Novice: 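Let me give you the structure first, and then I'll get to my questions.
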Amino acid sequence: MGLLDKLSGWLGLRKKEVNILCLGLDNSGKTTIINQLKPANTQAQEIVPTIGFNIEKFKSSSLSFTVFDMSGQSRYRNLWEHYYKESQAIIFVIDSGDKLRMVVAKEELDTLLSHQDIRSRRMPVLFFANKTDLQDAMSSVKVSQLLCLENIKDKPWHICASNAIKGEGLQEGVDWLQGRLSFIYGGLFAYTYTLI
Amino acid sequence: MSEARSDGGKWLDAHYDPVASLYTFSACMDLADLHGDAESKLVVGDLGTGTSGMKLKVYRGTALVSESALLDLPTALAAFLMDLHEPRIPAIAVASGPFIYIYKNLRPYFKFTLPGLQVNGLEQDVWQQVREGHIDPLTLKEMLEGLREKAEVPLSVRSLHFLSLEPQQMDEFVSLHKQQPIRRQTVITCMGTLRKSTADEDGVSCLVIGTENNDVYVLDPEAFTILSKMSLPAAPTMMDVTGQFDVEFRITVACRNGNIYILRRDSVKPKYCIELASHPVGLVRQGKNVVVGCADESLQGFTQKGKKLWRASLPAPVTTMAAMELPTRGFQAVLVGLANCEVHLYRDKNLLSAIKTPDVVSGVCFGRYGREDGTLIMSMRGGGLMVKILKRTATFDERDNAPGPPLAQSVRLNVPKKTKLYVDQTLRERENGVAMHRAFQMDLSRLRLASSLTPVSSSLSEPLKMNAVVQGLGPSFKLTLNVQNTAACRPVMNLVISFLYDEHLYRMRNPYLRIPLLVPGLVYPVQTFVECTSDRGISDIIKVFVLHEGRSAPLLTAHINMPVSEGLALN
């Protein structure tokens, strides 16, 4: 890294790159959320179930995100752990209308958080309680209760109610994530956010 | 969470509603994607109280989404694809009484009625006369009772109902019913589905129904005409269907006479028969085998040709059974609901997992529910509904917590082939068995005699035991004789010990010893000193005699082999 690169990094001119893992059960809306966060001209019109994983890139005001949008189907869930090491943050998406599979989401989350590549790291975890537009959707508080999020003591986490189809609630989550990541990895001038 | 722990943490407790007021059996439960949205729903024929409140219920996730009243008690329910129209939405068939009600999009679509049976001609004549006013109800009753006794064709339901009435109700009944013709109908007892021509998951299926009249019908999926009719020796109670109607199929039917019959394509009569010692209460196919739960608290496995493979004992009576298949993991097992509030999972005769439930399970169903492939749905006797999801990481080990013989017992030993020598030896042993045994016994007693180092007296009044110890290197030796009275309680007295030896070789200080009174059980050491007088390095025997004072015959003799003296005499 040259001196100029370093300088621009300190000044926040060159955006810091972060790898983010987007996880959650199938049909929870991971691809739709990532699609909404992409620049308007690159958004896909139709979302189909992800096979394996997709890599997407988008930028926020200070960070450049590389998102691994993993497939949530049970047969692909064993792929998740191979990407834990090189990611700096996790987005975990929950279908707040699927009361039945909340236990499955909790089980996957517990497995994720107790994995050796995650356990000892203070990586931020952002939860999206998605599909809040559904009639029988649960509130984000109820979702965090069912997932026992209050037990996560060693990692910064945040839960947002979202509606990925309309894009509601997504920006709030990304802002939180950016603040957290800037705090950990960002340059001198980067963290201008009050942190929760 | 405590329940999850008891079965090794293989299941996640997704939902439990103890007051779902759902009363049903495994035969009236099915899972199907009713709306074509890739999300499976649970379709249940609810028996209500048994007389009222029969309903067709549809659950999505944890919620009841649809409910429609049924006219009669449902006996079986099946979801099946009846046509090739897009979207591929399955229809629901509900069997009750002599009818099958077909629902499409949860709306009544068609009603199939079983063909009527032959009516007794005499019975018809009698009712004809009633209609014309020739006979009154009491005579009718007498005539019908006569008919019931000897007729080959049983009476119709109407006549049987009439016979059960009180005399004052008869007039009203006759005037109400006499104008209608007599019909005799049978009822459906069980139902299954059979793919028409392809083995695909989304192939069109035929309905297969078993009736109280010992018949099995296969119905056309679209026109609901009878494609095939087969007869059984007894009324069917449960059935399992596999194969394709146009290719080859196999219908396994458990009947009320306690037998299981296996029907095949192009045979009107059963091909194979399994005679059980106890009545079957559950029937499930696992791969190519048939697993039967019996009323004697056992689970038995049979091949598809009716050969018995295994039998496993259960801790409680079987309440219901269902197949558990996970094609993505290549997993097949049988779920058995037991009366002791447990659901056991068996692969062949091995117990893989036991799930404890808060109530007795009356209906079990496993498959894709919602978007989850491995979902176990249980209905409780008290009207509860419980949903469990198999963990993605769950693995079932063979012999997992199965009681019974250890695994090592079933490992085959690598027994080498029999050699010619072995065979010859075996033949010789077989022919000369008695002589060999005798020779062995004789050798054994000789060996015992030779090896009996402690002399024992055989006299009954003085049972004595003695052993001798020689200590020292020479030329002086210490001789210790341990004398014991082995009698139970009688002491022995007036005993002496004398020695006989070569006086050229040995010198003994006192070759005549008195023994004190011998208390039974105690060991008395008697010591004396022997000196070897020879310096030629030879040894001899010293004989010891235990005698009774005043008698010359010894009670006990012992020969002591003296060791060679290693030292030299001083003088």
Side-chain angles (χ1 to χ4, degrees), chain A residues 23-32 46-51 70-82 84 92-116 130-131 134-138 142-143 145-148 151 165, chain B residues 1-5 7-17 20 31 33 35-42 44 58-66 325-331 355 365-378 385-395:
Chain A
L23 307 173
L25 299 190
D26 47 319
N27 200 37
S28 56
K30 295 176 294 300
T31 310
T32 314
E46 196 154 326
I47 307 293
V48 291
T50 309
I51 307 292
M70 306 300 295
S71 171
Q73 294 174 40
S74 61
R75 72 187 106 165
Y76 295 116
R77 276 180 221 158
N78 51 3
L79 294 180
W80 292 3
E81 60 186 35
H82 300 294
Y84 291 168
F92 199 91
V93 187
I94 303 125
D95 177 354
S96 47
D98 195 350
K99 222 176 276 180
L100 188 79
R101 291 209 301 163
M102 209 51 84
V103 278
V104 185
K106 178 173 170 13
E107 173 70 19
E108 293 297 348
L109 178 68
D110 291 346
T111 321
L112 161 80
L113 293 177
S114 58
H115 191 271
Q116 53 174 356
N130 200 21
K131 305 198 189 181
L134 290 183
Q135 214 169 20
D136 50 354
M138 288 173 283
K142 181 81 186 154
V143 170
Q145 266 174 7
L146 286 173
L147 295 182
C148 301
N151 292 346
I165 292 176
Chain B
M1 287 317 278
S2 62
E3 280 146 25
R5 229 172 279 135
D7 51 51
K10 295 183 179 82
W11 301 90
L12 298 169
D13 298 311
H15 177 59
Y16 176 49
D17 183 2
L31 293 162
D33 177 14
H35 302 103
D37 55 0
E39 209 173 312
S40 275
K41 278 91 185 168
L42 171 67
V44 186
V58 179
Y59 283 87
R60 178 184 168 276
T62 54
L64 180 69
V65 288
S66 156
E325 282 183 27
L326 267 176
T328 49
R329 292 194 220 169
F331 182 80
I355 305 163
C365 182
F366 184 88
R368 185 182 167 85
Y369 182 48
R371 303 183 65 91
E372 203 63 42
D373 281 323
T375 311
L376 173 65
I377 298 168
M378 295 172 278
L385 175 70
M386 192 171 203
V387 182
K388 280 180 180 278
I389 294 176
L390 187 67
K391 274 192 196 172
R392 180 171 63 90
T393 49
T395 49

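Computed from a predicted structure; not experimentally measured. Proteins get letters first, then strands, A, B, ... in listed order; numbering begins at 1 in each.
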Novice: Can you tell whether the side chains of Lys388(B) and Asp13(B) come within less than 4.0 Å, N to carboxylate O?
Specialist: yes
Novice: Please give me the minimum heavy-atom distance between Trp80(A) and Gly72(A), naming the atom from each residue.
Specialist: CZ2-CA, 4.2 Å
Novice: Please flag which part of Asp98(A) lies under 4.5 Å from any non-hydrogen atom of chain B: side chain, backbone, both or neither.
Specialist: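 Looking at Asp98(A), nothing touches chain B.
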Novice: Checking Arg371(B) against chain A: side chain, backbone, both or neither under 4.5 Å from a heavy atom?
Specialist: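 Both backbone and side chain.
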Novice: Taking 4.0 angstrom as the limit, do Arg60(B) and Asp37(B) come out as a salt bridge?
Specialist: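 Judged by the 4.0 Å cut-off on N to carboxylate O distance, Arg60(B) and Asp37(B) do not form a salt bridge.
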Novice: Could Glu107(A) and Arg392(B) be called an ion pair, given the rule that one side-chain N must be under 4.0 Å from one carboxylate O?
Specialist: no
Novice: Relative to chain A, which segment of Arg329(B) carries a heavy atom at a distance below 4.5 Å: side chain, backbone, both, or neither?
Specialist: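 When you check distances to chain A, no heavy atom of Arg329(B) falls under 4.5 Å.
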Novice: What part of Gln73(A) gets closer than 4.5 Å to chain B, counting heavy atoms only: side chain, backbone, both or neither?
Specialist: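 Neither part.
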